[in-house]
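Below is one structure; the comments refer to it alone.
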Amino acid sequence: MPAEDLPGAFITVEGGDGAGKTTLARSLTECLRQAGRVVQMTFEPGGTALGTRLRSLVLDPDLTMSDWDETWLFLAARASHVQEVLIPALTAGEIVLSDRYSDSTLAYQGFGRGLDLERLSSLNRAATQGLTPDLTLLLDIPAELGLARARARSSQADRIGDADLAFHGRVNAGFRMLAAEQPERVCVIDGRQDAAAVLDEALEVVNRWLDGRRARS
Ligand code: T5A
């Protein structure tokens with residue numbers, strides 16, 4: 001089910017750890033609401049009661065699990081998010097802004113952990129009921145900078161954020177490859193800019209996309 005078949009607009013924000021996704025998703029939501037749009041901001045892993053429980057399991061630094069176990073947990077969280085949050089909001093015609101979605105599984109579990117990308121894509125399709133974003137904003141920053149920002153904000157350990165720099169480098173390179181494969185959907189924004197400049201660029205892209213959609217319909 002492409003999101004374009006539903007009346008709402010499905011926008012995702014992606015990028016490596018500490019790239020500034022949550023900061024951007026919050027400020028973008030606020031600006032769009034001020035412009036009179038109905039926006040639901042949500043995130044993965046999380047966004048539902050089940051997703052919140054799964055998030056604490058999958059990020060728990062005291063738990064060991066295989067790369068596939070980790071993947072199933074993200075996919076289970078995504079399946080409940082799609083069914084309980086995304087489809088209802090998009091059906092109601094809202095703009096949904098999700099901080100992470102299926103590209104994160106391809107980047108982290110595929111490019112980062114080295115799991116088979118085709119299999120992950122097929123599992124993503126099953127977990128999402130085929131719901132793909134209309135537009136994805138990819139915040140691209142070097143892994144060192146993202147990790148430094150994330151660690152400056154919180155010293156709390158997490159099972160994935162604490163993986164080594166080479167892992168996070170592969171994740172970021174993976175995101176860039178996904179963007180290059182789908183330039184019509186994924187817009188790359190330089191996350192090294194200050195937060196205001198990132199917001200300006202993102203707002204321009206989103207407004208252009210929303211205006212284009214109105215003109216097409
Ligand atoms: N994961 C997730 C997978 O492996 N597979 C999956 O399928 C999914 C869905 C949790 C982890 O799960 C992994 C990826 C993650 O490792 P998360 O909660 O989204 O996912 O984790 P993080 O990406 O680590 O979230 P962070 O909150 O750390 O990063 P953000 O949201 O990118 O960054 P943000 O906005 O919180 O900013 C971090 C700090 O930088 C500052 C902020 O004020 C904050 O202090 N900042 C800036 N500073 C300077 N310039 C800017 N432009 C800035 N923007 C923000």
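Note that ligands are numbered from 1 as they come in the structure, with each ligand's atoms numbered from 1 the same way.
In this structure, Arg78 forms a cation-pi arrangement with Tyr101, its terminal cationic atom sitting closer than 6.0 Å to the ring centre and no more than 45° off the ring axis.
Counted by atom type alone, Thr128 and Ser102 present zero donor-acceptor pairs between their side chains at under 3.5 Å.
A salt bridge links Asp17 to Arg100: one of the charged nitrogens lies within less than 4.0 Å of a carboxylate oxygen.
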Contact table ligand 1 N or O to protein N or O, d under 3.5 Å:
residue	atom	partner	partner atom	Å
ligand 1	4 (O)	Gln109	NE2	3.0
ligand 1	5 (N)	Gln109	OE1	2.9
ligand 1	7 (O)	Arg78	NH2	3.0
ligand 1	7 (O)	Thr105	N	3.3
ligand 1	7 (O)	Thr105	OG1	2.7
ligand 1	16 (O)	Asp17	OD1	3.0
ligand 1	16 (O)	Asp17	OD2	3.1
ligand 1	18 (O)	Arg55	NH1	3.3
ligand 1	18 (O)	Arg55	NH2	2.6
ligand 1	19 (O)	Arg100	NE	2.8
ligand 1	20 (O)	Arg100	NE	3.2
ligand 1	23 (O)	Lys21	NZ	2.8
ligand 1	23 (O)	Arg100	NH2	2.5
ligand 1	24 (O)	Asp17	OD2	3.1
ligand 1	27 (O)	Arg153	NH1	2.8
ligand 1	28 (O)	Arg153	NH2	3.1
ligand 1	29 (O)	Gly18	N	3.1
ligand 1	31 (O)	Thr22	N	2.9
ligand 1	31 (O)	Thr22	OG1	2.6
ligand 1	32 (O)	Ala19	N	3.0
ligand 1	32 (O)	Gly20	N	2.8
ligand 1	32 (O)	Lys21	N	2.9
ligand 1	32 (O)	Lys21	NZ	2.5
ligand 1	33 (O)	Gly20	N	3.2
ligand 1	35 (O)	Thr22	N	3.4
ligand 1	35 (O)	Thr23	N	2.8
ligand 1	35 (O)	Thr23	OG1	2.5
ligand 1	36 (O)	Arg153	NH1	2.7
ligand 1	50 (N)	Arg149	NH2	3.2
ligand 1	52 (N)	Gln193	O	2.9
ligand 1	52 (N)	Ala195	N	3.3

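Among residues two or more places apart in sequence or in another chain, the side chain to side chain contact (heavy atoms under 4.5 Å, CB included) test is passed with Thr22 by Arg26, Asp99.
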Using atom types as modelled, flag every donor-acceptor pair under 3.5 Å from a side chain in residues 176-187 to any protein atom, sequence neighbours excluded.
residue	atom	partner	partner atom	Å
Arg176	NH1	Asp140	OD1	2.8
Gln182	OE1	Arg185	NE	3.1
Gln182	OE1	Arg185	NH2	3.4
Arg185	NH1	Asp103	OD2	2.9
Arg185	NH1	Thr136	OG1	2.7
Arg185	NH2	Asp103	OD1	3.0
Arg185	NH2	Asp103	OD2	3.4

Show me the donor-acceptor pairs within less than 3.5 Å that the side chains of residues 196-210 make with the rest of the protein, sequence neighbours left out.
residue	atom	partner	partner atom	Å
Glu201	OE1	Gln193	NE2	3.0
Asn207	ND2	Leu203	O	3.3

